[in-house]
Structure formats: structure tokens, C-alpha cells
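First up is the structure itself, then whatever we jot down about it.
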Amino acid sequence: QVQVMETGGGLVQAGESLRLSCVVPGNLFSLRALAWYRQAPGKQRELVARIGTDHITRYVDSVKGRFTITRDNAKNTVYLQMNSLKPEDTAVYYCNLGSRINYGRIITGDYWGQGTQVTVSS
């Protein structure tokens, strides 16, 4: 009964920016970490960014310096600001609620959005 709703995907040219949003209604949002994952065709799903309840963030190396994850607990919304987009960023992006970290490894949470398509043309 926990709903996760992403918006903000689209088609852009290389070098441009997008901001993804993910809304999770209810009290669970503020009590859990949020993460963005992505999956490109023929590729494994990978973690893009994570933000904990303590607001500590983690990023995959390929997006460091370009992407920023933030959360607004008052709005039950997590954002992924994506700047300087590259064609290799093309993927379906998923919002995930409830992940945890074990020995430095980020484990997915139980709640997923439907995904939003990001396409970056060269």
C-alpha cells in the first residue's frame, strides 16, 4: 500500500539537464532512505544515488559531480538533479524506498516506483 511515484524523465540532448522527482505519500517516507537506480537495455540495474535519513549521500562514480540527490521530508519528495547529461545516462530510472547499507554495500528497499525514461541524444 506504499506508493512510489516518479516524474521528470524525458528526451534531452547531451550537456543538458533534467530533474527527477519521486513522491511517497505517508509517514514512511521520512523514516527510510531513498535511492535512485537505473537500468539501460541489456545492462544490469545499478545504483545511481542514495540519501539516508541522516542526509548522507552516495553516488556511483560515473555521476559524481554531475548528479545531486536531495530530499524534502516536508514534501515527501526526493529529487535527482542531473546536469551535463551524457548518452550513457540513457536508462529507465527507478525510485526506491527503504534501502540499507551492509559493509558498504547498498541493499535495495522493498518499495519501487514504475520508472521514468531518460533519453540523452548526442
Checklist entry - Between atom CG of Leu34 and atom NE2 of His55, what is the distance when rounded to the nearest 0.5 Å? => result 10.0 Å

Checklist entry - Are Leu47 and Ile101 linked, directly or through other ILVMFWY residues, by side chains that come within less than 4.5 angstrom of each other? => result yes

Item to check | Linked, directly or transitively: Trp36 and Leu97 (ILVMFWY side chains, under 4.5 Å) | outcome: yes

Item to check | Between Asn96 and Thr108, a side-chain donor and acceptor under 3.5 Å | outcome: no

Item to check | ILVMFWY network linking Val23 to Val48, side-chain heavy atoms under 4.5 angstrom | outcome: no

Checklist entry - Can you check whether Glu88's main-chain N or O pairs, donor with acceptor, with Thr90's side chain at less than 3.5 Å? => result no

Checklist entry - Is the CD atom of Gln114 crowded by more than 12 outside heavy atoms at less than 6.0 Å? => result no

Next on the checklist: Are Val78 and Leu28 connected into the same hydrophobic cluster when the rule is that any two of I, L, V, M, F, W, Y join if their side-chain heavy atoms are below 4.5 Å apart?
Outcome noted: yes

Next on the checklist: Are there over 12 heavy-atom neighbours, none belonging to Arg45, within less than 6.0 Å of that residue's CZ?
Outcome noted: yes

Next on the checklist: Donor-acceptor check, side chain of Arg66 to backbone of Ser84, threshold 3.5 angstrom: yes or no?
Outcome noted: yes

Next on the checklist: Would you say that Thr53 contacts Leu31 through its side chain, given a criterion of any heavy-atom pair below 4.5 Å between the two side chains?
Outcome noted: no

Checklist entry - Taking the side chain from Arg71 and the backbone from Gly52, do they hold a donor-acceptor pair closer than 3.5 Å? => result yes

Checklist entry - Any donor and acceptor pair, going by atom type alone, linking the side chain of Asn73 with main-chain N or O of Phe29 inside 3.5 Å? => result no

Checklist entry - Could you go step by step and tell me if Ser99 and Arg50 meet the side-chain hydrogen bond (donor to acceptor under 3.5 Å, both in side chains) rule? => result CA-CA 8 Å; Ser99 74; Arg50 179 187 188 272; 2.7 Å; yes

Checklist entry - How about Asn27: does its CG atom have over 12 heavy atoms from other parts shown lying under 6.0 Å from it? => result no

Next on the checklist: I'd like to know if Lys64 and Asp61 make a salt bridge, using a cut-off of under 4.0 Å between side-chain N and carboxylate O.
Outcome noted: yes

Next on the checklist: For the CE atom of Met82 and the CD atom of Glu16, what is their distance to the nearest 0.5 Å?
Outcome noted: 12.0 Å

Checklist entry - Of all heavy-atom pairs between Ala35 and Tyr37, which one has the smallest distance, and what is that distance? => result CB-CE1, 3.8 Å

Checklist entry - What distance do Asp72 atom CG and Ser30 atom OG have between them, rounded to the nearest 0.5 Å? => result 11.5 Å

Item to check | Point-to-point distance, once rounded to the nearest 0.5 Å, from CG of Leu80 to CD1 of Ile51 | outcome: 10.5 Å

Checklist entry - Among the clusters formed by ILVMFWY side chains lying less than 4.5 Å apart, do Leu18 and Val92 turn up in the same one? => result no

Checklist entry - Regarding Gln117 and Thr119, is there a side-chain donor-to-acceptor distance under 3.5 Å anywhere? => result yes

Checklist entry - Would you say the side-chain atoms of Gln13 pair up with the backbone N or O of Ser122, donor to acceptor, closer than 3.5 Å? => result no

Item to check | Any donor-acceptor N/O pair, Glu6 side chain to Gly115 backbone, under 3.5 Å | outcome: yes

Checklist entry - Which of parallel (below 30°), tilted (30 to 60°) and perpendicular (above 60°) describes Phe67 and Tyr93? => result tilted

Item to check | Lys/Arg cation over aromatic Tyr111: Arg32, 6.0 Å, 45° cone | outcome: no

Item to check | Main-chain N/O of Ile69 paired with Tyr59 side-chain donor or acceptor, under 3.5 Å | outcome: yes

